[in-house]
Peer 1: 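I have a structure here, written as structure tokens, and I will follow up with some questions on it.
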Amino acid sequence: MKELTQIRTLALLGPAGAGKTTLAEALLQAAGAIAQAGSVEKGNTVSDHDPLERRAQHSLQSSLLHFEHAGLRVHLIDTPGSPDFVGQALPALEAVETAVVLVDAQRGIDPMVQRAMDAAAARGRDRVIVVNKIDAPGVDLPALLAQLQAQFGKECLPLNLPHAGGVQDCFFASSGGSDFGSVEAAHRALVEQVVEVDAAFVDRYLNDGDVPATELHAPLEQALREGHLVPVLFTAAKAGVGVAELLTVIDKLLPNPLEANPPAFLRGEGAEAQPVTVQIDPTQHVLAHVFQVRADPFLGKMGFVRVHQGTLRKNMTLYVGHGRKPVRVGHLFLLQGKAQVPLDQALPGDLCAVAKLDELHPDAVLHDLAEDEHLHLAPLAVPTPVHGLALAPTRHGDEQRLWDVMHRLVEEDPCLKLEQDAQTHETLVYGLGELHLRMLLERLKENFKFEVKTSPPRIAYRETISTHAEGHHRHKKQSGGAGQFGEVWLKIDPLPRGAGVEFVDAVKGGVIPTAFIPAVEKGVREACAQGVIAGYPLVDLKVTVFDGKHHSVDSKEIAFVTAAKKALQAAVREARAVVLEPIVQVEVLTPEGAVGDVSGDLASHRGQVTGTRTAVPGQLVVQGLAPLAELANFQTRLNAMTSGQARYTLSLSHHDPVPPNTQAALAAAYQVQDED
């Protein structure tokens, strides 16, 4: 258990350009893990090892790092900062005790700072704010600290302050020099904030006037766990300023696995799920969580794993989630960016990787007791992917391989979704934005040598009818031998939205034998699936077959299938058919100052705003309804209006008739092919 107290786990979160990768390099160098810190601009950092990342000069996926310092084993996750890659960043919170949120001293509080702080708090993680690039020209650090406290609360207190080109500790030191603010006042504020969580320390502080910081470890850890204290640190990572002090904070103040909030394990699903207490004990049975998966064309499937209970050993036999057949963990290692360091065992709190296990999947729990198959972590809240592309292989016959490779890539990111559209027969991938999908396709091309054609997804229009009508068709075919004969009379009536297709057999007197009624229904449903006026599925109508004729020799199933299809098509053409389009509910999270622009954009694209609500200070959620067809490039428009700070989600609301000119264009583009 003593060894567990020497483990620290941190995730570096925050906006792109804030310096997360640069800080990671500085920490590795300061701890002696690398001889010289790499540069994002030069493309030689440990964490941004992927060729795409080096070309883009920013992180596209999370990277695992580790180093030894002062007897500690520190695990570090460097996460991407672009909003499009938040699905790569947020899973890191499931693997660490501490979320280190970087703020660019020049740019201030970016929406990704807010998102990271909120997500870390929701997951019960200790939070530390690092204000980076304090050596940049024109920064106003006192104003930025005031903004942090205004946005995230008075519990955001400086643990150190800039001083003479370096930083001055304010927790262990009760006096000293500072470029702004009083070190004594900052120390007093920290101590008062920490002792508030423990009544005994409050009494001691009131009686003695101070409590030595060296005696405040337990209440400090409690304050961090409860979010009662959010330390603020200052660094200039590129110049190495504040890095050694950050290592001291990691050593002396940040929690080990025994001191942090326990993982939120549940047994069972849905409302019946019950919390499970995990024992942070290397002697217990194994519980480890696969918080991310990587698709490697050479190593196969690789899983990033956080050990929560027990000791994970090389060559150990484990179950993967609900899997009934145990698998052997033959490849266990630490990761240093792309470098793999062989590992014999991992303790609770350790982050490691396992490879060449096809059974791995995101959020899987590795366990060595069959009865633990229903254990899982509480679901992670991630944005819904709504930016879509239709994919097709450039080479005919590669459709299944496309699906298999894309499935492997999509597994890496909970904010990617892959589906096969039953109506349009397209392979669709959805992400958080154009950059998100472009990088996915770049990886498909570069890592798997797979070329695809892309296009916007087809809109899943539907057809319906507006009034009652009747249709009739006699199918008669004679070709020298046995003929085909079937005659069908039917009527159609509109039904409410969402009712589907209702088939009614009202035939009397055996004019259509009972044996052929299923063939009539088949013809009706085939015609509905094919559509009549524009080639989209026909819905929300009642079809009643009430008359017909048959021939004792020539009547066959195919004859009645064909007759029913043609009769339905004839009826629909008389029933004032309309094309329906999907109307979606839109929620746009946008800076408060851009609400007017967002509302105007929706209105100019046949949408309507139905309300607004406050999300966080400075940001509102605009709620509205809009045709899905008008939102094809909505994120691009939002980026232009809000400098990339707005995001949106969609959910299907209902279907409405398209405008007459749209229906005319859709109908003109479609020609019904009559069957022979």
Side-chain angles (χ1 to χ4, degrees), residues 422-423 460-479 481-582 652 654-658 663 666-667 670-676:
Q423 181 174 327
Y461 293 108
R462 297 177 180 178
E463 300 176 13
T464 193
I465 59 172
S466 302
T467 188
H468 169 87
E470 293 187 2
H472 161 253
H473 186 79
R474 172 185 288 185
H475 178 73
K476 185 175 181 180
K477 186 175 182 182
Q478 203 73 35
S479 58
Q484 295 180 13
F485 181 85
E487 187 171 356
V488 172
W489 287 86
L490 54 76
K491 59 184 178 181
I492 56 176
D493 294 280
L495 291 177
R497 295 281 186 267
V501 177
E502 181 182 342
F503 178 82
V504 177
D505 172 17
V507 174
K508 299 186 183 301
V511 292
I512 300 177
T514 303
F516 291 127
I517 294 299
V520 174
E521 182 174 0
K522 180 181 178 182
V524 166
R525 295 196 179 277
E526 284 184 359
C528 288
Q530 178 182 326
V532 176
I533 60 171
Y536 297 100
L538 190 62
V539 296
D540 303 337
L541 75 162
K542 177 181 178 181
V543 182
T544 305
V545 179
F546 62 90
D547 201 358
K549 290 183 180 179
H550 75 284
H551 188 278
S552 59
V553 175
D554 290 344
S555 286
K556 298 176 177 64
E557 286 189 8
I558 185 62
F560 279 101
V561 169
T562 303
K565 288 178 70 171
K566 297 295 180 66
L568 181 72
Q569 291 167 354
V572 169
R573 294 188 184 99
E574 300 297 322
R576 297 209 309 269
V578 295
V579 176
L580 303 174
E581 64 179 338
L652 181 64
H654 60 282
H655 285 78
D656 271 350
V658 299
Q663 176 158 324
L666 292 171
Y670 176 72
Q671 294 180 346
V672 176
Q673 301 296 319
D674 288 335
E675 296 179 2
D676 294 335

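Keep in mind that what you see is a predicted model, and the values were worked out from it rather than measured. The analysis underlying the following values was restricted to heavy atoms, covering all of them including side chains, and did not include hydrogens, waters or symmetry mates.
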Peer 1: Check whether any side-chain N or O of Asp540 sits under 3.5 Å from a backbone N or O of Ala499 as a donor-acceptor pair, and report yes or no.
Peer 2: yes

Peer 1: Any heavy-atom pair between the side chains of Val501 and Leu541 that's under 4.5 Å?
Peer 2: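 Contact flag for Leu541/Val501 side chains = yes.
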
Peer 1: Take a 6.0 Å sphere around CD of Glu470 and say whether it holds more than 12 heavy atoms from other residues, nucleotides or ligands.
Peer 2: yes

Peer 1: Please give me the minimum heavy-atom distance between Leu490 and Ala571, naming the atom from each residue.
Peer 2: CD1-CB, 4.0 Å

Peer 1: Drop me the distance from Leu568's CG to Arg573's CZ, to the nearest 0.5 angstrom.
Peer 2: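 Here the interatomic distance stands at 9.5 Å.
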
Peer 1: Answer whether the closest heavy-atom distance between the side chains of Thr464 and Arg497 falls below 4.5 Å.
Peer 2: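 In short, these two side chains touch, coming nearer than 4.5 Å.
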
Peer 1: Report the relative orientation of the aromatic rings in Phe546 and Trp489; use parallel for angles under 30°, tilted for 30 to 60°, perpendicular for over 60°.
Peer 2: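 Taking Trp489 first and then Phe546, their aromatic rings sit tilted (interplane angle of 30° to 60°).
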
Peer 1: Under 4.5 Å between any side-chain heavy atoms of Glu557 and Phe516, yes or no?
Peer 2: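 In contact.
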
Peer 1: Would you mind reporting whether Lys476 and Glu487 have side-chain heavy atoms less than 4.5 Å apart?
Peer 2: no

Peer 1: For His550 and Phe560, which heavy atoms make the closest approach, and how far apart are they?
Peer 2: CB-CZ, 3.8 Å

Peer 1: Where do Ala559 and His475 come nearest, in terms of heavy atoms and distance?
Peer 2: CA-CD2, 3.6 Å

Peer 1: Under a 4.5 Å cut-off applied to non-hydrogen side-chain atoms, are Glu574 and Ile492 in contact?
Peer 2: no

Peer 1: Within the distance-only criterion (no hydrogens, no angle test), does the side chain of Ser555 pair as donor or acceptor with the backbone N or O of Gly486 below 3.5 angstrom?
Peer 2: no

Peer 1: Taking all non-hydrogen atoms of both residues, which atom of Ser466 and which atom of Arg576 are closest, and how far apart?
Peer 2: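 So the minimum-distance heavy-atom pair works out to OG-O, 2.9 Å.
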
Peer 1: Do Pro657 and Leu580 touch side chain to side chain, with heavy atoms closer than 4.5 Å?
Peer 2: yes

Peer 1: If we only count heavy atoms from C-beta on, is the Phe503 to Ile517 side-chain gap below 4.5 Å?
Peer 2: yes

Peer 1: Which heavy atom in Ala515 sits nearest to a heavy atom in Pro518, and how many Å separate them?
Peer 2: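 Residues Ala515 and Pro518, closest heavy atoms: O-CD, 3.6 Å.
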
Peer 1: Has the side chain of Gln663 got a donor or acceptor atom that lies under 3.5 Å from a matching backbone atom of Val579?
Peer 2: yes

Peer 1: Against Lys491, only a single residue in Val543, Val504, Val545, Thr544 fulfils side-chain contact (heavy atoms from CB on, under 4.5 Å); can you say which?
Peer 2: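 The single option meeting the side-chain contact (heavy atoms from CB on, under 4.5 Å) with Lys491 is Thr544.
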
Peer 1: I need the Asp554 CG to Lys477 NZ distance, nearest 0.5 Å.
Peer 2: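 So the CG of Asp554 and the NZ of Lys477 are separated by 12.5 Å.
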
Peer 1: Under 3.5 Å, side chain of Asp493 to main-chain N/O of Leu495, donor-acceptor pair present?
Peer 2: no

Peer 1: Walk me through whether Phe485 and Arg474 qualify under side chain to side chain contact (heavy atoms under 4.5 Å, CB included).
Peer 2: CA-CA 7 Å; Phe485 181 85; Arg474 172 185 288 185; 3.8 Å; yes

Peer 1: I want to check something: taking the side chain as every heavy atom from C-beta on, are Glu463 and Leu538 in contact at a cut-off of under 4.5 Å?
Peer 2: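 Yes, close enough: below the 4.5 Å cut-off.
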
Peer 1: Taking all heavy atoms of Val532 and all of Tyr670, pick out the closest pair and write down the distance.
Peer 2: O-CE2, 3.6 Å

